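Bear in mind the structure is a predicted one, so any value in this text is a computation, not a measurement.
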Amino acid sequence: MRLTDFPLKTFKEVPAEAEVISHQLMLRAGLIRRLASGLYTWLPLGLRVLHKVEAIIREEMDRAGALELLMPMVQPAELWRESGRWKEYGPELLRLNDRHQREFCLGPTHEEVITDIARSELRSYRQLPVIYYQIQTKFRDEIRPRFGVMRAREFTMKDAYSFHLDEASLLEGYEKMRVAYERIFTRLQLEFRIVQADPGAIGGNRSEEFHVLAESGEDAIAYCEADGYAANVDTVAIPAVGGPRGEAKTDLELVQTPAVRTIDALSAFLNVEPADCLKTLVVQGTDAPAVALLLCGHHELNRIKAEALESVARPLRMLRATEVQAATGYEPGFLGPKELEIPIVADRAAAVLSDFVCGANQTDYHFRGVNWGRDLPVPATADLRNAVAGDPSPAGGGLLAVKRGIEVGHIFQLGTRYSDAMEATVLNKDGKACAMQMGCYGIGVTRIVAAAIEQNNDDHGIVWPEAIAPFDVVLVPINMDKSYRVKEAADSLYQELQDAGFDVLLDDRPHRPGVKFADADLIGIPHRLVIVEKAWDEGKIEYKARRATDAEMIPVETVTKFLAETRQC
RNA sequence: CGGGGCAUGGCGCAGUCUGGUAGCGCAUCUGCUUUGGGAGCAGAGGGUCGGCGGUUCGAAUCCGUCUGCCCCGACCA
């Protein structure tokens, strides 16, 4: 592509609407433009990236034996009524009527449609297993679209659905998709982790998420390098801490802590670690009006785990200050378990603290040097918190580390949730109708583009992984309009590289070098070749990788070979 | 949906408090100069100041109302 034929419009300044780096860079580099909240146009440059991502996904899905089809985005309400989701799905499902007042929705996902296809196309166990997939636009009327295409309302998704006679076959299909997903994200050159997911929501058995690691990720991922375990921090079952609690070394002491109501303030005021403070949270109970949950100061309450307690009301609700006062007689901020007259459950870690600090149930006072057993009864314990870095891995191989991740893929075993509801059956060997076992496998295609940028950028702009860069190489002729030789060199090299199979961008604009370099960096082309008259006359050309800090001179006649060898995909 | 903020040329902003007929930087166009990291000079085009209503001799500015967008919380690829 010659840049003179390509209306590339880049911005130096950061658009005010963009919060995260990928969104800023996609706007600045001219990849996307916003049409309305959560709706984006993919400009030619961005679309090239999107297509590269799609191509890799297609190749790997095909390799895994999946069959591509394409389902409508507009779907009739009847199907959704059959599955029960017309009611279950909230306002995120955009519903609309046609001219005859028939009800439809914009597909946020395609389980209903694919199940409908499967029940009419698949009648015999001999046809199974089958994996269908599509790359389609989805629409979810998100409450709060944000971060550009990272969480848009309209987005591209690759969704696949597998159909099986029995669970054993489902497991095989699931495993096959899992392998395909690993290949896909590896080929996309992204750093990712496979994470145990909470299977609760959709039901079914096993479910795993694929996360691209990035600072701005919305999920916190706990993982263990040693044993390969990885899970969302809020789904980690934290192993019980071994060993007895520490011995008491200090005496119980009442200290005045005026207006110190938070763990941060307390730890600063008394100069102790948050980990040595005890946090007392009061939530609504099932029988009692209030239940106290105790955590170490640096830990976070896990909603799901707390709700699992019989004594805690679902959904979990923290009591307001006035309610706490009414239930306990004390002021929040100075609560502690000693002589607290409501049911108490302590997180396991909190129950093995020694010489800790906690509220004294007296305004402006805390205790220090508190010890279970000696100063107050040992509480009931449970696993109540989110995992943090340094916790032991549930798989037993070592300690957990925590990083943030962007969910780009999700695979799960649906079982017969949809096939039962929609009567998608096949005849088995005995001529008996059986509901098909289903699996479902999604990849957020447009989100991958944003995630790739989150993971690969620097002060100058995007640094594309080679596998998905819009162009492989950018040619930057200097003073092309002045020097006929430079122009000739650029044209011939442009042709040569294209013939060799590279996607080449020729910056033949009559701009100053600085402008060209800045744009080349911003749009993140992995390889840059600079043509200057003097060096060219000596048979040399300048090469610089986008990731490299320095350029190098290479002989002109070896350029194609050099690039072919340097290329990483 | 609850809480906070913003809306002025394609982009980033000032002007609003204290009403007087709109300005700066970037981008765009023309010309000359310049040519290895977002050039300089000279000139030009482009804005019903988000919409509607009100107050006023006069409204970007004050009042009311509606809309759109962004940020923080519960969902998800």
Give, ordered by number, those residues of residues 522-550 of chain A having at least one heavy-atom distance below 4.0 Å to an atom of RNA chain B; if nothing qualifies, reply none.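 Here the set is A:L522, A:R528, A:V530, A:V532, A:E542.
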Base partner of [N], which must satisfy Watson-Crick or wobble distances under 3.5 Å:
N: B:U30; answer: B:A42
N: B:U48; answer: none
N: B:U56; answer: none
N: B:C13; answer: B:G23
N: B:G73; answer: B:C1
N: B:G36; answer: none
N: B:U61; answer: none
N: B:A7; answer: B:U67

With a 4.0 Å cut-off on heavy atoms, is [X] in touch with a base, just the backbone sugar-phosphate, or nothing at all?
X: A:D141; result: nothing
X: A:T156; result: nothing
X: A:G444; result: base
X: A:E19; result: sugar-phosphate
X: A:D521; result: base

Do A:D62 and A:Y133 have side-chain N/O donor and acceptor atoms under 3.5 Å apart?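 Distance-only check passes for A:D62 and A:Y133.
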Can you tell me the distance, in whole Å, between the CD atom of A:E552 and the C1' atom of B:G36?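 Roughly 17 Å, once rounded to whole Å.
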Spacing between A:K516 atom NZ and B:G36 atom P, to the nearest angstrom: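 Distance, rounded to whole Å: 12 Å.
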Can you tell me which nucleotide in B:C76, B:G36, B:U34 comes closest to the side chain of A:P513?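 In terms of side-chain proximity for A:P513, the closest of B:C76, B:G36, B:U34 is B:G36.
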Return the nearest nucleotide to the side chain of A:R146; candidates are B:C72, B:G38, B:C70.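 Looking only at heavy atoms from C-beta outward on A:R146, the closest nucleotide is B:C72.
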Tell me if the side-chain of A:R151 makes a donor-acceptor pair with the base of B:C75, cut-off 3.5 Å, by modelled atom types.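 Yes, a donor-acceptor pair under 3.5 Å.
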Got a donor-acceptor pair under 3.5 Å from the side chain of A:N479 to the base of B:G36?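 Side chain to base: no pair present.
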With stacking defined as ring centroids separated by under 5.5 Å and planes differing by under 30°, is A:F155 stacked against B:A77?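 Base of B:A77: stacked against A:F155.
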Between A:Y40 and A:H23, is a ring-ring contact (aromatic ring centres under 6.0 Å, His included) present by the stated rule, with each step listed? CA-CA 11 Å; A:Y40 289 87; A:H23 190 194; 5.8 Å; yes
For B:C70, take OP1 and OP2 only and decide whether either is under 4.0 Å from a side-chain N or O of A:S37.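 True: A:S37 side-chain N/O within range (under 4.0 Å) of B:C70 OP1/OP2.
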May I ask you to evaluate whether A:R140 reaches the phosphate of B:C76, defined as a side-chain N or O under 4.0 Å from OP1 or OP2?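 Looking at the OP1 and OP2 atoms of B:C76, neither is under 4.0 Å from any side-chain N or O of A:R140.
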Apply side chain to side chain donor-acceptor pair (under 3.5 Å) to A:R193 and list each qualifying residue two or more places apart in sequence or on a separate chain.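 For A:R193, the residues satisfying side chain to side chain donor-acceptor pair (under 3.5 Å) (neighbours in sequence not counted) are A:E225.
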All N/O pairs under 3.5 Å across the protein-nucleotides 10-15 of chain B interface:
from	atom 1	to	atom 2	distance (Å)
B:G12	OP1	A:A16	N	2.9

Pairwise P distance for B:G10 and B:C6, with rounding to whole Å: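 The answer is 22 Å between these two P atoms.
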